[in-house]
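Working notes for the structure below.
Below, read A as the first sequence line, B as the second, and so on, with proteins coming before strands; counting in each chain starts at 1.
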There are 2 protein chains.
Amino acid sequence: MSARKLHLNLFVYPGGHHEAAWRYHGTDPSRILDIGFYQDLARRAEQATLDAVFFADGPSLADNVRYASRFRLEPFTWLSAIAAATERIGLIATASTTYTEPYNLARLFASLDHLSRGRAGWNIVTTGAPQAAGNFGLDAHPVHAERYDRAREFVEVVTQLWDSWEDEALVVDQKSGLFADTDRIHEINHTGRHLKVRGPLNLPRSPQGRPVYVQAGSSQDGRSFAAAHAEAVFTAHQTLRSGQEFYADLKARATALGRNPDQVLVLPGISPFIGSTEAEARALHEEFNDLTQPEYSLQLLHRLLGLRLSADELDGPVDRRLIETGGERGNGSRFQLVLDIIDREQPTVRQLLHRLAGARGHRVVTGTPEQVADQIQEWFEQGAADGFNIMPPWLPGGFDLFADQVVPILQARGLFRTTYDGTTLREHYGLPRPTAVPTSTKEYA
Amino acid sequence: MSARKLHLNLFVYPGGHHEAAWRYHGTDPSRILDIGFYQDLARRAEQATLDAVFFADGPSLADNVRYASRFRLEPFTWLSAIAAATERIGLIATASTTYTEPYNLARLFASLDHLSRGRAGWNIVTTGAPQAAGNFGLDAHPVHAERYDRAREFVEVVTQLWDSWEDEALVVDQKSGLFADTDRIHEINHTGRHLKVRGPLNLPRSPQGRPVYVQAGSSQDGRSFAAAHAEAVFTAHQTLRSGQEFYADLKARATALGRNPDQVLVLPGISPFIGSTEAEARALHEEFNDLTQPEYSLQLLHRLLGLRLSADELDGPVDRRLIETGGERGNGSRFQLVLDIIDREQPTVRQLLHRLAGARGHRVVTGTPEQVADQIQEWFEQGAADGFNIMPPWLPGGFDLFADQVVPILQARGLFRTTYDGTTLREHYGLPRPTAVPTSTKEYA
């Protein structure tokens with residue numbers, strides 16, 4: 001029995017993670033906008049004692065919805081309704097530092113943390129989709145480095161806002177008439193390069209003090225950012241070796257900044273196709289690949305790599321020389337990951353499209369429940385992961401198989417909890433509750 | 001029996017609407033941040049077949065929380081969790097056009113409407129609190145007229161975003177592989193004085209098409225705006241005559257713009273102190289007034305009127321000459337309402353403070369259930385109201401009295417529904433579901 005425990009999140013996506021999930025006969029596409037469907041899913045994840053459910057996000061319609069369920073479920077409203085249907089499971093919302101106001105975002109997270117009694121997590125992202133700029137009054141999309149510069153300042157500001165009410169500020173003494181001790185509520189008076197915010201926040205400090213800080217993005221800028229701020233990191237790796245390299249690098253960077261590396265959890269994505277035999281699992285995966293539509297995937301490839309290919313080139317090799325390696329695109333970690341697949345596997349175009357169809361570059365595993373559990377255990381014990389972001393190919397069935405068949409194996413091996421010890425996401429993740437650090441001596445009056 | 005029916009909302013406020021509500025022995029202040037408390041309240045309102053629950057909002061800590069529960073519950077998260085605990089009741093969120101991005105706000109409302117199956121309403125406000133500017137990078141607060149100019153453009157933009165997916169755009173044909181008909185999804189390509197937004201929205205059109213458009217603010221700018229855009233109007237009036245003047249004016253303005261005046265509901269605020277006798281009701285009101293703290297109310301008076309008074313002037317008259325009538329403050333309708341109280345009632349400072357303590361300038365009625373029902377019926381039948389925003393002095397008890405004792409009287413008189421006929425807020429309010437009006441011929445691809 002290992003003392004160290006796995007952490008497992010359910011990454012929720014309309015229909016499921018495979019791009020053709022919505023076409024699979026086991027998927028009920030009539031429920032992809034039904035909150036009850038997602039509440040049920042979160043309850044099942046809670047029954048399986050998962051750490052959290054996780055919602056991606058982006059403020060634009062970035063992919064082509066002609067062929068795939070690539071609209072966006074707005075995370076705050078959706079997770080608040082899920083909070084009302086669950087008791088313990090963490091609730092992680094992706095939110096952009098590029099296209100939101102820190103005061104508005106700080107309120108949404110503090111409120112989600114209040115109403116869920118301490119279960120909120122923030123997946124901190126910069127918005128990479130160029131389409132988003134046009135939705136926010138900009139002609140051009142801010143470049144990668146500039147977005148990260150704003151992100152750093154943004155995190156500083158919202159942290160100060162979450163700390164602007166000390167925990168003891170809310171008094172509520174009916175007799176004396178003191179509702180809040182305003183000596184313990186502070187303006188933050190932040191003036192920086194990108195932001196200017198006075199504060200204080202307009203509601204009391206939340207159960208976790210601050211939501212759990214999550215980060216996804218494994219570029220150099222992303223790693224620096226994660227090492228400085230993140231308490232959990234979502235990342236995409238195709239091979240154990242790549243996972244190990246990232247894990248070691250991130251823990252070393254965090255340690256160098258004086259942080260406890262155990263408080264920076266590394267959680268790669270994994271998309272499991274599960275069968276009662278290995279052959280059955282592979283056949284299931286093939287069934288999904290047969291439902292893909294090249295029109296969609298070729299557009300995705302163009303967006304990712306700058307490659308313009310047509311449907312009659314599907315069975316030829318990927319011509320490495322046509323890939324645009326320069327410019328903004330080359331800064332993203334997902335770009336490098338796809339290049340590595342091409343170099344390592346020398347796939348045909350169709351094989352590459354199928355490779356990416358499963359989970360947009362995240363690792364797809366096919367096998368029996370034992371084989372999937374083995375893969376998880378290997379990465380966990382070989383220094384590549386503290387846990388995983390589970391990305392079921394389709395929902396809810398693809399998650400049910402994992403919850404019913406893989407989780408019990410991980411529990412029997414002593415790798416995963418069988419009951420929740422705590423009530424907050426910080427407790428599930430083994431993270432401390434931060435005390436408020438007021439950044440200004442100027443009190444609110 | 002009247003064919004025309006009353007509309008009743010429950011206006012939810014932490015603790016209750018009386019500024020001393022949280023100090024009253026019937027209030028449990030330990031639950032003011034407990035979502036379960038508000039879910040229970042909404043369920044009670046739904047049992048009483050009210051049209052909606054309503055949340056105010058503002059992106060700053062505007063009033064002094066030293067003496068009163070004047071923090072802010074963030075409406076989208078709170079109402080989403082309430083949606084999960086209810087089936088029929090409408091959910092109206094106040095949101096500012098001054099300090100939000102239209103793309104983000106359009107998503108939040110569309111999502112609330114999806115997850116509540118068509119129960120969302122938007123109380124459209126401009127942010128008047130000068131403290132807010134500092135939370136959004138501004139040195140000075142935008143002036144009244146400028147805020148309304150942005151508000152008009154903002155409403156136009158979010159309407160286009162809500163219409164950017166036609167109702168038929170979501171196809172989800174598993175067989176053919178057509179998820180969405182992108183010929184029916186449109187960029188909006190808005191470029192105006194304040195905003196520039198490309199669109200389309202990143203999720204399908206919601207059950208109501210658009211949330212119900214609500215407006216609160218009875219200044220001249222506010223009335224013009226309401227006549228053009230609002231489907232329900234919240235307003236504050238102390239006298240029947242003032243209510244009638246506003247009602248007639250607003251319906252005439254809407255008619256002049258070619259709108260059906262029956263589709264602009266006028267809903268004044270009313271805060272009822274209910275007793276089994278009139279004397280009991282008055283004694284209850286006095287009990288609340290005795291719990292007020294002049295330090296708080298005097299600050300409020302300064303903010304509203306520019307009057308700086310000290311605690312030893314409480315029993316003297318209000319000196320009308322000290323009130324600052326010029327400038328920005330004089331443009332607000334609440335300012336004029338307080339001046340009218342002073343002119344009409346010639347109160348002492350303390351009397352004026354008590355007058356405002358009940359519901360910040362909204363009408364307070366004290367009496368037996370029959371007397372409160374009579375007041376409601378009078379305004380409803382005498383051309384001053386299509387219904388009311390109920391503002392209980394304290395929660396939940398102050399609402400329970402209304403729901404248990406006044407609502408049945410209104411139902412027995414045939415003035416109020418006994419069951420819901422519809423499932424959406426538009427149906428409760430007797431409003432049509434708008435069809436999408438795409439504003440651009442450029443399709444999304």
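Annotation: the span from A/Thr86 atom OG1 to A/Leu41 atom CG amounts to 11.5 Å, rounded to 0.5 Å. Rounding to the nearest 0.5 Å places CD of A/Glu295 at 9.5 Å from CG of A/Asn64.
Ring-centre distance between A/Phe71 and B/Trp165: not below the 6.0 Å cut-off.
Within the 4.5 Å cutoff, the side chain of A/His18 has no heavy atoms near those of the A/Trp394 side chain. Side-chain contact between B/Trp78 and B/Val53: absent, with no pair of heavy atoms (C-beta onward) separated by less than 4.5 Å. With contacts defined as side-chain heavy-atom distances shorter than 4.5 Å, the pair B/Pro211/B/Trp162 qualifies.
Contact count versus chain A (heavy atoms, under 4.5 Å) is highest, among B/Leu108, B/Thr77, B/Leu112, B/Asn135, for B/Asn135. Heavy-atom pairs under 4.5 Å with chain A peak, among B/Arg72, B/Arg70, B/Glu101, at B/Arg72. Chain B forms the most heavy-atom pairs under 4.5 Å with one residue out of A/Gly137, A/Ala110, A/Pro75, A/Ser30, and that residue is A/Gly137. Of the listed residues (A/Pro29, A/Gly134, A/Gly177), the one with the most heavy-atom contacts under 4.5 Å to chain B is A/Gly177. With respect to chain B, the highest number of heavy-atom pairs below 4.5 Å among A/Ser206, A/Ala83, A/Gly15, A/Pro204 belongs to A/Pro204. When B/Lys196, B/His114, B/Arg66 are compared by the number of non-hydrogen pairs under 4.5 Å with chain A, B/Arg66 comes out ahead. Heavy-atom pairs under 4.5 Å with chain A peak, among B/Pro14, B/Gly58, B/Pro102, B/Ala20, at B/Gly58. For chain A, the option among B/Gly36, B/Ala84, B/Ala68, B/Gly199 with the highest count of heavy-atom pairs below 4.5 Å is B/Ala68. Top candidate by heavy-atom pairs under 4.5 Å with chain A, chosen from B/Leu178, B/Ile35, B/Leu203, is B/Leu178.
Neither the backbone nor the side chain of B/Leu291 comes within contact range of chain A; no heavy atom of the residue lies under 4.5 Å from a heavy atom of that chain. With a 4.5 angstrom heavy-atom cutoff, B/Gln131 touches chain A via backbone and side-chain atoms both. Only the side chain of B/Asp57 comes within contact range of chain A, with heavy atoms under 4.5 Å apart. B/Tyr99 touches chain A through its backbone: at least one of N, CA, C or O sits under 4.5 Å from a heavy atom, while the side chain does not. Contact annotation for B/Leu195: neither backbone nor side-chain heavy atoms come within less than 4.5 Å of a heavy atom of chain A. For B/Leu73, the part lying near chain A is the backbone, with the side chain staying farther off; criterion is any non-hydrogen pair under 4.5 Å. Interface residue B/Glu74: backbone and side-chain heavy atoms are both found under 4.5 Å from chain A. Contact annotation for B/Asp173: only backbone heavy atoms (N, CA, C, O) come within less than 4.5 Å of a heavy atom of chain A. Both the backbone and the side chain of B/Thr100 come within contact range of chain A, with heavy atoms under 4.5 Å apart. Residue B/Ala85 does not touch chain A at all, counting heavy-atom pairs closer than 4.5 Å. Residue contact with chain A, scored on non-hydrogen atoms closer than 4.5 Å, is absent for B/Tyr296.
At distances below 3.5 Å, not a single donor-acceptor pair connects side-chain atoms of A/Arg184 with backbone N or O atoms of A/Asp181. Side chain of A/Trp22 to main chain of A/Thr27: no donor-acceptor pair is present (N/O by atom type, distance under 3.5 Å, no hydrogens or angles). A/Gln208 places no side-chain N or O within donor-acceptor distance of the main-chain N or O of A/Asp113, the cut-off being under 3.5 Å.
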Determine, stepwise, if the pair B/Arg31 / B/Asp28 fulfils salt bridge (Lys or Arg N to Asp or Glu O under 4.0 Å).
CA-CA 6 Å; B/Arg31 298 195 69 197; B/Asp28 177 0; 5.1 Å; no
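In this pair, A/Tyr38 and A/Phe55 present their aromatic rings tilted. The plane angle is within the 30 to 60° band.
A side chain to side chain contact (heavy atoms under 4.5 Å, CB included) with A/Gln293 is found for exactly one of A/Arg23, A/Gln299, A/Glu19, namely A/Arg23.
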